[in-house]
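For reference, the structure is listed below as structure tokens.
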Amino acid sequence: MLFANHPAYADLTPAQYAEALAWLRRTGMVTAMGHPVVEISDSELRDAGAASAIPQVRWSRAAEEARRAVGELGEQALLRLLIKGGVPQVRHVAAESDAYGYDIAAGASTERAHLEVKSTTNPTRLVIHLTRHEYEVMATDPVWYLVAVLVGRDGEAVNVATVSRTWLRSAVPADRDKAGRWESARLEVPTHAITPGLATKTWRLVEDWPVPSGSVWSFQPLSTTARMSVSGENRRGMLQP
């Protein structure tokens, strides 16, 4: 009603405003909850009318802290899933140091998994931030896996999936000159690079992974019957290295 009737907003149609908001969400400038991830100071807003003034957009500290909080919630939610699933050895190494290049170490007898957890509250698309250190650890660690966790309002995991290592290798930037190198990359993961559930090549860590009630990251939810019909052999092969 405001956009349709207030004269201050008559320069654009409501449809154009809606498309602008959709674009901001696609580019990651607005969160799924509708909050901006950038801030412009009051002085910049006051000077915006001057011909020589160019407002400087800065990353919001509050948005960065909120993203970090979601990340911690996702790690804790996955830890609870692993412990509940009976994984005998679970260690939250991210709480000790960032030097490992992954967040959780899980083990059972001779089997191991090093899990880098990327958490989000956005069910419509999966956007991750991968550091150079995490990527280099992945390149040399055969039991490193990137796990995506969709965090619900209660802080629990709504959905868990695994991102293809092959796709990660193809998606990261390339250093063009030895004088410069990338340190962090923002990647939007396509559906074909996401595998539902959490498994290594031979070991399914969570047998009953969370099943969302609606579409998540372009995947349609499996019914309980369909999920139960997945054989153990198929489950072991669900993760692409």
Side-chain angles (χ1 to χ4, degrees), residues 31-33 64-131 134 137-138 141 143-165 168 189 193-217 219-224 226-228 230 232 235-236 238-239:
T31 69
M33 303 301 292
E64 181 64 26
E65 291 175 351
R67 191 177 75 179
R68 187 177 297 110
V70 171
E72 293 174 357
L73 286 173
E75 291 174 20
Q76 292 297 329
L78 186 59
L79 283 167
R80 288 191 291 272
L81 278 177
L82 293 171
I83 294 171
K84 183 179 178 181
V87 178
Q89 301 171 22
V90 179
R91 181 181 170 194
H92 190 198
V93 297
E96 304 169 14
S97 172
D98 292 331
Y100 289 93
Y102 53 89
D103 299 308
I104 298 173
S109 62
T110 59
E111 296 173 305
R112 292 180 301 130
H114 296 155
L115 310 177
E116 172 59 31
V117 184
K118 300 299 182 184
S119 309
T120 180
T121 57
N122 188 350
T124 60
R125 62 184 185 138
L126 178 57
V127 176
I128 64 173
H129 292 80
L130 187 73
T131 69
E134 291 163 354
V137 170
M138 179 196 77
D141 185 350
V143 296
W144 187 100
Y145 301 94
L146 195 148
V147 181
V149 177
L150 179 62
V151 179
R153 293 183 179 180
D154 58 357
E156 295 299 326
V158 177
N159 192 45
V160 174
T162 310
V163 177
S164 166
R165 291 165 59 113
L168 287 171
V189 186
I194 306 172
T195 300
L198 173 56
T200 68
K201 294 179 182 178
T202 59
W203 178 31
R204 175 157 291 281
L205 284 78
V206 180
E207 288 290 342
D208 255 349
W209 65 87
V211 178
S213 58
S215 175
V216 173
W217 306 325
F219 283 108
Q220 295 301 320
L222 289 173
S223 66
T224 302
R227 184 184 64 178
M228 294 299 291
V230 178
R235 287 182 175 184
R236 286 193 292 271
M238 287 183 71
L239 178 65

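The figures that follow rest on heavy atoms only: side chains count, while hydrogens, waters and symmetry mates do not.
A pairwise comparison of heavy atoms in Ala105 and Val93 identifies CB-CG1, 4.2 Å as the closest pair. Across every non-hydrogen atom of Glu75 and Ile104, the tightest pair is O-CD1, 3.9 Å.
Atoms CG and CG, from Leu150 and Leu126 in turn, are 9.0 Å apart once rounded to the nearest 0.5 Å. Rounded to the nearest 0.5 Å, atoms NE2 (His114) and OH (Tyr102) are 3.5 Å apart. Atom-to-atom distance recorded for Arg165:CZ and Asp141:CG is 7.0 Å, nearest 0.5 angstrom.
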Would Leu168 and Met138 satisfy side-chain contact (heavy atoms from CB on, under 4.5 Å), going step by step from the backbone distance to the final call?
CA-CA 9 Å; Leu168 287 171; Met138 179 196 77; 3.8 Å; yes

Worked check of side-chain contact (heavy atoms from CB on, under 4.5 Å) between Arg91 and Glu96:
CA-CA 10 Å; Arg91 181 181 170 194; Glu96 304 169 14; 2.8 Å; yes

Which is it for Glu134 and Lys118 under the side-chain contact (heavy atoms from CB on, under 4.5 Å) test, yes or no, and what are the steps along the way?
CA-CA 12 Å; Glu134 291 163 354; Lys118 300 299 182 184; 3.0 Å; yes

Start with the C-alpha distance between Leu82 and Leu115, add both sets of side-chain angles, then the distance that settles side-chain contact (heavy atoms from CB on, under 4.5 Å), and finish with yes or no.
CA-CA 11 Å; Leu82 293 171; Leu115 310 177; 4.0 Å; yes

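Between Arg67 and Glu65 there is no salt bridge, since no side-chain nitrogen of the basic residue lies less than 4.0 Å from a carboxylate oxygen of the acidic one.
The closest donor-acceptor contact from the side chain of Asp103 to the backbone of Ala94 lies at 3.5 Å or more, if one exists at all. Listed for the Trp144 side chain is no donor-acceptor partner under 3.5 Å among the backbone atoms of Ala113.
Donor-acceptor pairing under 3.5 Å is lacking for the side chains of Asn122 and Thr120.
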